[in-house]
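Comments concern the structure below.
For the numbers below, each heavy atom of this structure counts, side chains included, while hydrogens, waters and symmetry mates do not. First the proteins, then the strands, lettered A, B, ... as listed; each starts at 1. What you see is a predicted model, and the numbers here were worked out from it, not measured in a lab.
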Number of protein chains: 2
Amino acid sequence: MSTGPTALPKFRRQRPDQRRRVLMDATLQCLATHGVEKTSVRTICETAGVSIGLVNHYYASKEALIADVYRQLADDLLDTLKTRVAATAGDARTRLIAFIRASFAPDTLDPGLLRVWLAFWTMTLSTPAIAAVHTRTYADYRRFLEHLLGELAAECAFPRLTVRQAAIGLNGLLDGLWVEWCLNPETFTPDEGIALCTVWLDGLIAG
Amino acid sequence: MSTGPTALPKFRRQRPDQRRRVLMDATLQCLATHGVEKTSVRTICETAGVSIGLVNHYYASKEALIADVYRQLADDLLDTLKTRVAATAGDARTRLIAFIRASFAPDTLDPGLLRVWLAFWTMTLSTPAIAAVHTRTYADYRRFLEHLLGELAAECAFPRLTVRQAAIGLNGLLDGLWVEWCLNPETFTPDEGIALCTVWLDGLIAG
DNA sequence: TGCCTTACTGAACAAACGTTCAACAAGAAA
DNA sequence: TTTCTTGTTGAACGTTTGTTCAGTAAGGCA
């Protein structure tokens, strides 16, 4: 058996940003399917189809890679929500409900995604680099909610809360319900989750 | 240098339930201060002041020990909340607000406690034994909220939600705000958290 | 064509992991 | 006092971890 003159190349060189993307995707997939515990540099590289050494060639540490994944995923998620809201015509309340509905869409309401998020939250409490990503991400998210709630306040004022406070509250309610549902989907249906957020919204207006 | 006839005993025998308690306390302390990543059997035993072999003498695995800690801590926490509500006289709304205030008390609102809880939640998604504890714990918690909200419904009906749904919603709001605050205490004050939950409650009544 | 940069590989390393188990000794029982 | 039970110890084991780095080879350039 001869390798022949036209043996397949062992690997292909790629542009740094392409390789980084491959590593990030693989990391995300590992975190979602196997959890943090089983997400090792080896697992990531195997999933990405590269050798063990490549992670530390592109990132200072495994930690830095995960921080990059956090940033990317959070940005993508917010973009998805923004897009879905932008595709919705109507008054402020209608747009807010579109935001809520998007938050309870099947691709967001995924236990795998929660597994990833729990890893990020855990690292937020001990890794300054990840805490920085969390702070920026949470601020972006809340800013968009404040934008939507500001429009609502213009149409019908809610005297008991500031726009900032309302955004914090709705964000908390969405996050809390998201966590509970992913941890045990038997407890309530996504539609009930949407209903709960809608009642919060109307309770806000009623004052 | 002689050891002498009255050398100090190397260890003291203890009753199984006492030793288990010591191991659980040490595990809790490790999880809260160092996080899951750094909570090894060795760290736990060092904190408990015992040798490495003792964990596997009392528990089938490290996992079983953590499940025991989860059960104990969740029960203790709910008991604390129940006690504080029981110490409050007044109508249903007053008692519910006492529950909310207790949820935002300094000993509950602790990033160390969140670190522990995140570990439990993470394991809930991959370890059936821990998922079982989560399901029972969450049910207990919600049952108590349903009890309180049932009394509220008797005084002033809220037509848009069932008592069960209202309990799920308030639980989600409390959990969500708790997580966000622990991850970044700068975002809002505990008093604002209490206010947000109170507005939710009054919005429920207003219907 | 041959050179040269550098993306990429993968064996090697030290540290840390959960678990095991033969040996030890504390303290009650006889 | 001696015997016996068993709570407790801690060295040892086989894995797995993140990181390193000398070497390999892909692919643009002259």
Side-chain angles (χ1 to χ4, degrees), chain A residues 3-27 30-31 34-69 119 122-123 126-127 129-130, chain B residues 3-27 30-31 34-69 119 122-123 126-127 129-130:
Chain A
T3 44
T6 54
L8 286 178
K10 279 192 163 181
F11 60 91
R12 283 208 312 193
R13 292 187 168 207
Q14 279 177 248
R15 293 197 351 251
D17 58 326
Q18 290 177 340
R19 272 292 193 228
R20 261 186 259 263
R21 167 66 75 166
V22 167
L23 288 174
M24 286 167 58
D25 287 349
T27 306
C30 286
L31 285 174
H34 311 113
V36 223
E37 203 83 357
K38 297 286 175 190
T39 298
S40 63
V41 174
R42 270 157 249 266
T43 316
I44 292 170
C45 290
E46 195 179 353
T47 304
V50 299
S51 74
I52 310 180
L54 207 68
V55 159
N56 290 280
H57 176 73
Y58 282 111
Y59 291 95
S61 63
K62 179 192 176 187
E63 207 169 66
L65 167 57
I66 293 184
D68 213 15
V69 175
T122 299
M123 296 179 74
S126 40
T127 312
I130 305 253
Chain B
T3 44
T6 53
L8 285 177
K10 279 190 163 185
F11 59 90
R12 281 208 316 191
R13 291 188 169 205
Q14 279 178 245
R15 291 195 355 249
D17 59 325
Q18 290 177 339
R19 271 294 192 225
R20 261 187 257 265
R21 167 65 77 166
V22 167
L23 288 173
M24 286 166 59
D25 288 348
T27 305
C30 285
L31 285 173
H34 311 112
V36 223
E37 204 82 357
K38 297 284 174 191
T39 298
S40 64
V41 174
R42 270 157 248 264
T43 316
I44 293 170
C45 290
E46 197 179 351
T47 305
V50 298
S51 74
I52 308 180
L54 207 67
V55 159
N56 289 280
H57 176 72
Y58 282 110
Y59 292 95
S61 63
K62 179 192 176 187
E63 207 170 67
L65 167 58
I66 292 185
D68 212 15
V69 174
T122 300
M123 296 179 75
S126 41
T127 311
I130 305 251

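As rounded to whole Å, 13 Å separates atom C1' of dT16(D) from atom CZ of Arg42(B). Ile44(B) places its CD1 atom 14 Å from the C1' atom of dA16(C), with the value rounded to the nearest Å. Atom CG in Leu23(A) sits roughly 14 Å away from atom P in dA7(C) (whole-Å rounding). Rounded to an integer number of Å, the gap from His34(A) NE2 to dT17(D) P is 12 Å. Residue Glu46(B) contributes atom CD, which lies 15 Å from atom C1' of dT9(D) at whole-angstrom precision. Whole-Å rounding puts the Arg15(B) CZ to dA28(C) C1' distance at 15 Å. Following rounding to the nearest Å, Asp17(A) (CG) and dA7(C) (C1') show an atom-to-atom distance of 14 Å.
A search for side chain to side chain donor-acceptor pair (under 3.5 Å) contacts involving Glu46(B) returns nothing, not counting sequence neighbours. Annotation: salt bridge (charged side-chain N to carboxylate O under 4.0 Å, His left out) contacts of Arg12(A) (sequence neighbours excluded): none. Here Thr47(A) pairs with nothing under the side chain to side chain donor-acceptor pair (under 3.5 Å) rule; sequence neighbours left out.
Between Ser40(B) and dC17(C) there is a side-chain polar atom (N or O) within less than 4.0 angstrom of OP1 or OP2. Between Ser51(A) and dT9(C), a side-chain N or O to OP1/OP2 separation shorter than 4.0 Å is present.
Val55(B) places none of its side-chain heavy atoms less than 4.5 Å from the side chain of Thr27(B). Annotation: side chain of Met24(A) is in contact with side chain of Tyr59(A) (closest heavy-atom distance under 4.5 Å).
When every heavy atom of Arg19(A) is checked against every heavy atom of Val50(A), the shortest pair comes out as NH1-CG1, 3.9 Å. Of all heavy-atom pairs spanning Leu31(A) and Val36(A), the tightest one is CD2-CA, 3.9 Å.
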Shorter than 3.5 Å, N or O on both sides, protein versus nucleotides 23-26 of chain D: list them out with atom names.
from: dA26(D); atom 1: OP1; to: Lys10(A); atom 2: N; distance (Å): 3.4
from: dA26(D); atom 1: N1; to: Arg13(A); atom 2: NH2; distance (Å): 3.3
from: dA26(D); atom 1: N3; to: Arg13(A); atom 2: NE; distance (Å): 3.0
from: dA26(D); atom 1: N3; to: Arg13(A); atom 2: NH2; distance (Å): 2.6

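Residue-environment remark: CD (Glu37(B)) stays at or below the threshold of 12 foreign heavy atoms within 6.0 Å.
Comparing Leu54(A) and Gly53(B) by the nucleotide of DNA chain C whose heavy atom lies nearest to each, the residue mapping closer to the 5' end is Leu54(A).
Here salt bridge (Lys or Arg N to Asp or Glu O under 4.0 Å) pairs that include residues 52-69 of chain A, with residues two or more places apart or in two chains, are Asp68(A)-Arg71(A).
Within residues 55-63 of chain A, the residues approaching DNA chain D are Asn56(A), Ser61(A), Lys62(A), by heavy-atom distance under 4.0 Å.
Between the side chain of Arg19(B) and the base of dG7(D), no donor-acceptor pair under 3.5 Å is found.
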